[in-house]
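These values consider heavy atoms only, across backbone and side chains, with no hydrogens, waters or symmetry-generated copies. Protein chains get the first letters and strands the later ones, always in sequence-line order, with residue 1 at the start of each.
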Number of protein chains: 2
Amino acid sequence: MKISELSRRTGVPVASIKYFRREGLLPAGRATAATLAEYGEEHVQRLRLIKALTTLGGLSIAATRDVLATVDQAENTDKTLEAISYALPVPVTAASAGDADRDAAAESAAAADVMDLIAAMDWQVPGTSPHVRGLTTALRELRRLDADYRPERLVAYAELAHSIARLDLERAAAFDDSPALAEQAVIVLALSGPMLELLRRLAQEDQVRRRGADHPDAE
Amino acid sequence: MKISELSRRTGVPVASIKYFRREGLLPAGRATAATLAEYGEEHVQRLRLIKALTTLGGLSIAATRDVLATVDQAENTDKTLEAISYALPVPVTAASAGDADRDAAAESAAAADVMDLIAAMDWQVPGTSPHVRGLTTALRELRRLDADYRPERLVAYAELAHSIARLDLERAAAFDDSPALAEQAVIVLALSGPMLELLRRLAQEDQVRRRGADHPDAE
DNA sequence: CAGGGAAGATACTGCCACTATCCAGTAGCT
DNA sequence: AGCTACTGGATAGTGGCAGTATCTTCCCTG
């Protein structure tokens, strides 16, 4: 199909399709002449995946490119899962120093909390993992706010996070070694977070409403 | 204290403090003269909260303003919790039509799945809730991708989301009617998501590494 | 063989979150 | 009183991101 039909089929403007090609998110069509190329179903599917990762997953164009690159280089299941896990952007990144040095105490206290948590959960992750650094940064900020995020609290959340990760991995590995593995794994690993967030917000809304209904005092 | 000291104490540039004031995120200092104002500890705390909501919570300046406005209007516990729940931005918002109409079937199928889920979980939320709409949009996109998000799958995630929401609400309500309630509730409700996401990613990393270690075949 | 797409390159736009500059008007020291 | 560093407020500018538009060249189709 021609680019105009690809655009019509996916609802993505032609200019945007060209943009995604430029940015390396979408492979070029099969050129049939200097100014003509043929696109196939794989382009339709890829565009849907791009839309899902950016609008649902909230990934930037650059992050989406990185993630899709790992999809295209998929070898075996384990390597693919690991590559995707590291290609996904970390939600919290350390600040640009500046005031980081001022609070070395909070920093190391937060780092200790993270280490305790990882030990308590028996998680096997290197101390250099970007996720560890992100969590440390987050705990440092929360400490500054006097928020109640002591390790005991965290463990309860960590247990639940562990259960969710197990569900995710079960699903991602269910496509074991099939050609569609990498793509489905990306969908599971990248979109599980936003889906869960939506469910959590919904559950939160339910609980808040029940509280309000239980004792409708003032007002 | 003067604005320069407020800046030094929080690590936020003076220009940014002025920006937050303009945008209504930070109340003005107590003016002591036409060109001089005095700031207090509440300004320090508010700036920390702004930083936490934007950098950790990922909220935009506009969303942060809305959330902080509900904090400042806090009356009683239940109302405050409800107000915050609705002031927080919904992660997934419906697209701008366009290709929405093309897929009315997927749309209604997704809506039916969401209704089934809410019924199965016995959640009390109005069908007009932004979270319901967001979830519907997300499921529609996932259906297009042929992703495995059938209701049975979703229920497992929903149960976990429910547990998390219960933990959140317990914490948010623990500050019951104290003056700090609203602020702590915001921290819990707005930052629980990012914290959980970080923990989930960490747990995911652990699981991926264990898989890789269990059977280190090719390489 | 004329006209409408198509491809690729380049330039432009709109939004966001700051950041910098400018303009008085003090505060506080001498 | 005079000087200077700093302040609040207004306004303008910056850089990054995600597209969107334009322009040129080319060539398939009717």
Residue set satisfying side-chain contact (heavy atoms from CB on, under 4.5 Å) with B/M115, at least two apart, ordered chain then number -> B/V132
Holding to side-chain contact (heavy atoms from CB on, under 4.5 Å), I want the full list of residues that pass it with A/S4, two or more places apart in sequence or in another chain.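 Per chain and number, A/S4 pairs via side-chain contact (heavy atoms from CB on, under 4.5 Å) with A/K2.
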Every protein N/O within reach of nucleotides 8-13 of chain D N/O, cut-off under 3.5 Å:
from	atom 1	to	atom 2	distance (Å)
D/dG8	OP1	B/Y39	OH	3.3
D/dG8	N7	B/K18	NZ	3.3
D/dG9	OP2	B/R21	NH2	2.9
D/dG9	N7	B/K18	NZ	3.3
D/dG9	O6	B/K18	NZ	3.4

side-chain hydrogen bond (donor to acceptor under 3.5 Å, both in side chains) against [X], all qualifying residues, sequence neighbours excluded:
X      : answer
A/R209 : B/Y86
A/R22  : none
A/R171 : B/Y149, B/Y157
A/R21  : none

Anything under 3.5 Å between a donor and an acceptor, one on a side chain of residues 23-34 of chain A, the other on a protein residue two or more places apart or in another chain? List them.
from	atom 1	to	atom 2	distance (Å)
A/E23	OE1	A/R65	NH1	3.3
A/T32	OG1	A/L36	O	3.3

Rounding to 0.5 Å, atoms CD (A/E141) and CD1 (B/I187) come to a distance of 11.0 Å
Rounded distance in Å - CD1 (B/I17) to C1' (D/dT7):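 Computing the B/I17:CD1 to D/dT7:C1' distance gives 13 Å.
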Taken to the nearest whole Å, CD1/A/I50 to C1'/D/dG19 is 13 Å
Footprint ends on DNA chain C, 5' to 3', for atoms under 4.0 angstrom from a heavy atom of chain B, come out as C/dA17 to C/dA27
Closest to the 5' end of DNA chain D, once A/A15 and A/T32 are matched to their nearest nucleotides, is A/A15
Close N or O pairs between protein and nucleotides 16-18 of chain D (under 3.5 Å):
from	atom 1	to	atom 2	distance (Å)
D/dA18	OP1	A/I61	N	3.3

Those residues at least two apart in sequence (or on a different chain) that pass ring pair (Phe, Tyr, Trp, His ring centres under 6.0 Å) with B/H43 are B/Y39
Salt bridge (charged side-chain N to carboxylate O under 4.0 Å, His left out) pairs touching residues 182-202 of chain A, sequence neighbours excluded, are A/E197-A/R200, A/R200-B/D168
